[in-house]
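Here's the structure we're looking at; comments come further down.
As the structure is a prediction and not an experimental result, all values here were calculated from the model.
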Number of protein chains: 2
Amino acid sequence: MTFLSDTALKHELNARGFRSTPQRQKVLRIFMALTQGEHLSAENLHQALEEDGEHISLSTVYRTLHLMVYMGLLRELELAEGHKHYELNRPMLDHHHLVCVHCNQTLEFSESSISEIGKKTAETSGYQVLDCQLTLYGICSKCYMPEART
Amino acid sequence: MTFLSDTALKHELNARGFRSTPQRQKVLRIFMALTQGEHLSAENLHQALEEDGEHISLSTVYRTLHLMVYMGLLRELELAEGHKHYELNRPMLDHHHLVCVHCNQTLEFSESSISEIGKKTAETSGYQVLDCQLTLYGICSKCYMPEART
DNA sequence: CATTTAATGAAAATATATGTCAATTGATTT
DNA sequence: AAATCAATTGACATATATTTTCATTAAATG
Ligand SMILES: [Zn+2]
Ligand SMILES: [Zn+2]
Ligand SMILES: [Zn+2]
Ligand SMILES: [Zn+2]
């Protein structure tokens with residue numbers, strides 16, 4: 001599921017009653033070309049497409065992101081910047097995020113036990129799990145200076 | 001930290017160079033009166049205050065929420081509804097969320113190992129951890145009906 | 001290739017959140 | 001208790017992110 005050819009994507013879509021479109025193929029290709037740790041906002045993705053010479057409307061960008069999250073192909077991250085970021089969902093290579101609520105610095109870390117917990121919990125509740133995110137919010141060492149206060 | 005009197009809140013605020021105000025006291029009281037599992041958006045909180053006969057501007061509501069998240073008194077949750085929700089941060093009674101991306105049904109569950117992982121990771125990275133959230137996104141049994149497709 | 005219906009693009013509309021600034025009020029000091 | 005000073009508030013304006021609308025285009029199916 002980490003890499004999906006155009007025809008594999010078409011099958012995934014058609015199996016669920018959706019259509020394969022050039023726009024959807026191009027969006028997924030952008031995400032597959034990112035390196036580990038890169039996240040794109042809707043706006044970032046729109047620009048990345050433009051830079052590739054692909055004009056896709058912002059509406060379609062948003063619609064495609066939602067669809068792919070719904071299908072489990074992308075994960076939607078709410079880090080601290082006020083808009084959502086997206087990345088490929090690779091359950092086998094899962095990683096998590098640590099965010100400074102003051103300066104928004106974001107670190108990634110991996111923790112294999114999380115997906116087990118997710119799987120177990122989802123099963124108990126009758127859910128089909130799409131994504132499993134552990135997010136730690138804190139204050140980084142640069143931002144936390146007790147001596148600077150009062 | 002689960003319950004905070006007005007004077008205890010005043011001390012928490014003053015110790016960090018912030019002021020105690022009636023608005024901040026009232027906001028915290030609203031959250032302390034919620035039952036486990038209730039979450040409020042900024043708009044919800046604003047309305048809850050109005051219903052209590054307390055007029056507090058929406059700007060102040062937003063500012064107060066941010067301050068209390070920053071202080072570790074509240075946790076900010078990004079569930080699937082498109083706006084943030086807040087609840088009291090009770091590290092000793094921590095719980096996590098399972099959200100259906102289709103109908104937004106949200107279940108809470110507890111998992112004691114999470115806070116350990118959070119503590120360990122934050123320590124390694126030099127962060128002071130404020131909140132530790134495991135969020136599972138999936139499709140609930142009501143929404144997932146493979147037989148209804150194609 | 002004709003039919004059907006999902007998907008797209010452009011623009012407008014909504015929702016959410018933040019910034020500005022004069023007036024107010026809390027904390028602290030006389 | 002009054003004076004001082006800076007943090008906080010409220011009202012309003014503004015910004016940003018996301019969604020909706022709807023006429024047009026184009027996949028899928030047979
Ligand atoms: Zn990531
Ligand atoms: Zn920081
Ligand atoms: Zn909760
Ligand atoms: Zn559901």
Least distance between heavy atoms, A/Glu12 atom then A/Leu4 atom: CG-CD2, 4.5 Å
Any donor-acceptor pair under 3.5 Å joining the side chain of B/Arg19 to the base of D/dA6? yes
Looking at B/Lys10, does any N or O in its side chain come under 4.0 Å of the phosphate oxygens OP1/OP2 on C/dG26? no
Cationic N near anionic O, under 4.0 Å, A/Lys120 to B/Glu111: yes
Lys/Arg-Asp/Glu bridge criterion (N-O < 4.0 Å) met for B/Arg29, B/Asp52: no
Just compare D/dT8, D/dA28, C/dA27 and give me whichever is closest to any side-chain atom of B/Thr21. D/dT8
The nucleotide from C/dA10, C/dT16, D/dT18 with an atom nearest the side chain of A/His83 is D/dT18
Check: C/dG9 base within 3.5 Å donor-acceptor of A/Arg63 side chain: yes
Please tell me which of the listed nucleotides, D/dA27, C/dA27, D/dA28, lies nearest to the side chain of A/Asn14? D/dA28
A/Phe18 has its side chain closest, among C/dA7, D/dA27, C/dG9, to C/dA7
To the nearest Å, how far apart are A/His85 NE2 and D/dT16 C1'? 14 Å
Please say whether more than 12 non-hydrogen atoms of neighbouring residues, nucleotides or ligands are located less than 6.0 Å from NE2 in B/His11. no
Tell me whether the side-chain N or O atoms of A/Ser59 pair up with the base of D/dT20 as donor and acceptor below 3.5 Å, since no angle test is needed here. yes
Starting the side chain at C-beta, find the nucleotide from C/dT16, C/dA27, D/dT8 nearest to B/Tyr62. C/dT16
Atom CD of B/Gln23 and atom C1' of C/dG26 are separated, to the nearest Å, by 11 Å
Touch check for B/Leu58, heavy atoms < 4.0 angstrom, all strands: base, sugar-phosphate only, or nothing? nothing
Separation of atom CZ in A/Arg24 from atom P in C/dG9, rounded to whole Å: 11 Å
The answer to which of A/Ala42 and A/Pro22 contacts DNA chain D further toward the 5' end, by nearest nucleotide, is A/Ala42
Please determine whether a side-chain nitrogen or oxygen atom of B/His11 lies at a distance below 4.0 Å from atom OP1 or OP2 of C/dA27. no
